[in-house]
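Single-structure report; data block below.
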Amino acid sequence: MPELPEVETMRRGIAGVVGSQIVNVERTPCRLKPIRVSPQLSAFKRRTIGTTITEVSRVGKRVVVVLDSGDSIILEPRMTGLVLVADPPNEDHLRLRFYLRGGKSRELLFWDRRGLGSVHLVRPEEFAERYGLSTLGPDALTLTWQIMRERLRSSKREIKVALLDQGAIAGIGNLYASEILHLAKVHPELSCTEVTAAQWKRIHAATLEVLEAAIFHEGSTLSDGTYRNALNKEGGYQNHHRVYDREEEVCTQCGKGHIQRIVQAQRSTFFCARCQRLPRKRT
DNA sequence: CCCCAGTCCTGCGGGC
DNA sequence: TGCCCGCAGGACTGGG
């Protein structure tokens, strides 16, 4: 499930397309329901063919391909989407192909097994409206602990649920939220309003540490094997997971507790009740 | 405004 | 052996 580290790895992996010209765009033959592309493909092609890619960036969990026309292509992987400059895992789930000229790569591919992902071409005004700071929170890698606290402290939600809110902070998803809170030693069910300054500092430091380590290892490829980098290679951070998908295993942090799985907001949370304690209720 | 449950999708694994 | 159902969790929508 691509979160900030996986999407950042995709971004770095396709950085070589800068300077390439888009010569064609096509939906690939696919029996499955087509993914969402906006505007519709004829207008998408009219506005992209002939343009040159000037920059590849990232906004939250989306890859942004900037064109010399000023427009941006937003590649949104959601659950199972991949952005590739190499052969895809298979042809069955290949959704969109950009033919390129003048650079190292001849193609840029969007592959998506489940098809929840999407591709959008947006003008600068629409980019600012949909992906600017008024819609999406500051990036999890670049904010300070004070800003993190400011964005979340008044929320009535549990800290783990609030960390998933892209409008508050952009980039953290279900997997890394559990990892971050375990390293920070903060209970996932703690209400944001109860988090102390010392805990905000720990959550912030853990966010940087976990996300940067995950980027270093090029993301997490889970047992379903879906996630791949832009060259269709697996990530390595799954071998460093502290809690995610490790239910009942002994906690590596305290060596005594066992990892538990609970459900918050219909999503799995993993934690160690010995490392991550709730404050004792006053009577 | 804030928050939550439901929805979109496909493939996989468990139960029978 | 095959079928059905539940589950995985990104972002968005409608409703309270």
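Lettering of chains follows the sequences in order, A, B, ..., and the numbering in each one begins at 1.
Of the candidates A:Leu183, A:Leu175, A:Leu181, A:Leu175 is the only one forming a side chain to side chain contact (heavy atoms under 4.5 Å, CB included) with A:Glu179.
A salt bridge does not link A:Lys61 with A:Glu3: none of the charged nitrogens is closer than 4.0 Å to a carboxylate oxygen. At a threshold of 4.0 Å, the pair A:Arg78-A:Glu76 counts as salt-bridged, since one of the basic side-chain nitrogens sits closer than that to a carboxylate oxygen. With salt bridges taken as basic N to acidic carboxylate O contacts below 4.0 Å, one links A:Arg113 and A:Asp224. Using a cut-off of 4.0 Å between Lys/Arg side-chain N and Asp/Glu carboxylate O, A:Arg228 and A:Glu234 are scored as salt-bridged. A salt bridge does not link A:Glu126 to A:Arg123: none of the charged nitrogens lies less than 4.0 Å from a carboxylate oxygen. Remark: A:Asp165 does not engage A:Arg151 in a salt bridge, criterion side-chain N to carboxylate O under 4.0 Å.
If you check every strand for non-hydrogen atoms under 4.0 Å, A:Tyr244 touches sugar and phosphate atoms only. Residue contacts for A:Leu222: at a heavy-atom cut-off of 4.0 Å it reaches no nucleic acid atom on any strand shown. If you check every strand for non-hydrogen atoms under 4.0 Å, A:Gly173 touches sugar and phosphate atoms only. At the heavy-atom level, A:Gln166 lies under 4.0 Å from the strands shown only through sugar-phosphate atoms. Backbone-only engagement by A:Met1 is indicated by non-hydrogen atom pairs under 4.0 Å involving sugar-phosphate atoms exclusively.
For the C1' atom pair drawn from B:dC12 and C:dA11, the interatomic distance equals 23 Å after rounding to whole Å. Atom P of B:dC9 sits at a distance of 24 Å from the matching atom of C:dC3, rounded to the whole Å.
Using cut-offs of 30° and 60° for the angle between ring planes, the A:Tyr176 and A:His241 rings count as perpendicular.
Side-chain contact check for A:Tyr99 and A:Glu26: at least one donor-acceptor pair (N or O, by modelled atom type) lies under 3.5 Å.
The separation between A:Asp112 atom CG and B:dG11 atom C1' is 12 Å, rounded to whole Å. Atoms CE (A:Met79) and P (C:dC7) sit 15 Å apart, rounded to a whole Å. Put simply, CG on A:Leu136 is 11 Å from C1' on C:dA11, counting in whole angstrom units. One can place CG of A:Asp165 at 13 Å from P of C:dG10, the figure rounded to the nearest angstrom. One interatomic measurement links the two molecules: CG of A:Leu116 to P of B:dT10, which rounds to 8 Å at whole-angstrom precision. A:Gln266 has its CD atom 15 Å from the P atom of C:dA11, to the nearest Å. The CG-C1' distance, from A:Leu94 to B:dT10, rounds to 16 Å in whole Å. What separates CD of A:Gln264 from C1' of C:dG9 is a distance of 14 Å, to the nearest Å.
Distances shown here put every side-chain N or O of A:Ser268 at or beyond 4.0 Å from the OP1 or OP2 atom of C:dC7. An OP1 or OP2 oxygen of B:dC8 is reached within less than 4.0 angstrom by no side-chain nitrogen or oxygen of A:Lys33. Within the structure, every side-chain polar atom (N or O) of A:His93 is placed at least 4.0 Å from both OP1 and OP2 of B:dC9. The side chain of A:Arg267 places no N or O atom within less than 4.0 Å of a non-bridging phosphate oxygen (OP1 or OP2) of B:dA5.
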Checklist entry - Between A:Arg97 and A:Thr28, is a side chain to side chain donor-acceptor pair (under 3.5 Å) present by the stated rule, with each step listed? => result CA-CA 7 Å; A:Arg97 185 194 305 270; A:Thr28 51; 5.9 Å; no
Next on the checklist: Test side chain to side chain donor-acceptor pair (under 3.5 Å) on A:Asn90 and A:Trp111; report intermediate values, then the result.
Outcome noted: CA-CA 9 Å; A:Asn90 64 43; A:Trp111 182 97; 3.1 Å; yes
For nucleotides 14-16 of chain C, which of its nitrogen or oxygen atoms have a protein nitrogen or oxygen under 3.5 Å away, and what is each distance?
none

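Of the possible donor and acceptor atoms, none in the side chain of A:Glu218 sits under 3.5 Å from a partner among the backbone N and O of A:Asn229.
Side chain of A:Lys61, nearest nucleotide from C:dA11, C:dA8, C:dG9: C:dA11.
The distance from the CD1 atom of A:Ile73 to the CG atom of A:Leu75 is 6.5 Å, given to the nearest 0.5 Å.
Taking a pair as Watson-Crick or G-U wobble with both distances under 3.5 Å, the runs of three or more consecutive pairs in DNA chain B are B:2-8 with C:10-16, B:10-16 with C:2-8.
Within residues 147-164 of chain A, the residues that place at least one heavy atom under 4.0 Å from DNA chain B are, in residue-number order, A:Ser155, A:Lys156, A:Arg157.
With DNA chain B read from its 5' end, the first of the two nearest nucleotides for A:Arg78 and A:Arg113 is the one closest to A:Arg78.
The base of C:dG10 is not paired with the side chain of A:Arg62 by any donor and acceptor separated by under 3.5 Å.
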